[in-house]
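Below is one structure, written out as structure tokens; comments come after it.
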Amino acid sequence: MASAPLLKKVIRPVIRGTVKGSVKLAMDAKRVAHEINEDLSDIAAEATAEATAEAFAADLQEGSDVPRQTTKKARTSAVNG
């Protein structure tokens, strides 16, 4: 089997390149997902601020002395088992 060392010299770089490319692709996908998550968090924060400002403005237009306070409802979770 004189061709085994030759195959090893050819196949190893091909496999290594494939693995390296896969790792790079995974790292790029993770980076993109992180950026998307940051963008969605920013959008949610902006929407919350706008909604709060609109509610405050609506309270002022209604003539309320003290604007109503918005409270977040606590999340409830079911316990299985």
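Rounded to the nearest 0.5 Å, atoms OG (S41) and CD (E46) are 11.0 Å apart. Between the NE2 atom in H34 and the CG atom in D39 there is a gap of 10.0 Å [rounded to 0.5 Å]. With values rounded to the nearest 0.5 angstrom, N37 atom CG is found 9.5 Å from D42 atom CG.
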Q | Test side chain to side chain contact (heavy atoms under 4.5 Å, CB included) applied to E35 and R31, step by step | A | CA-CA 6 Å; E35 289 174 2; R31 180 187 49 81; 3.1 Å; yes

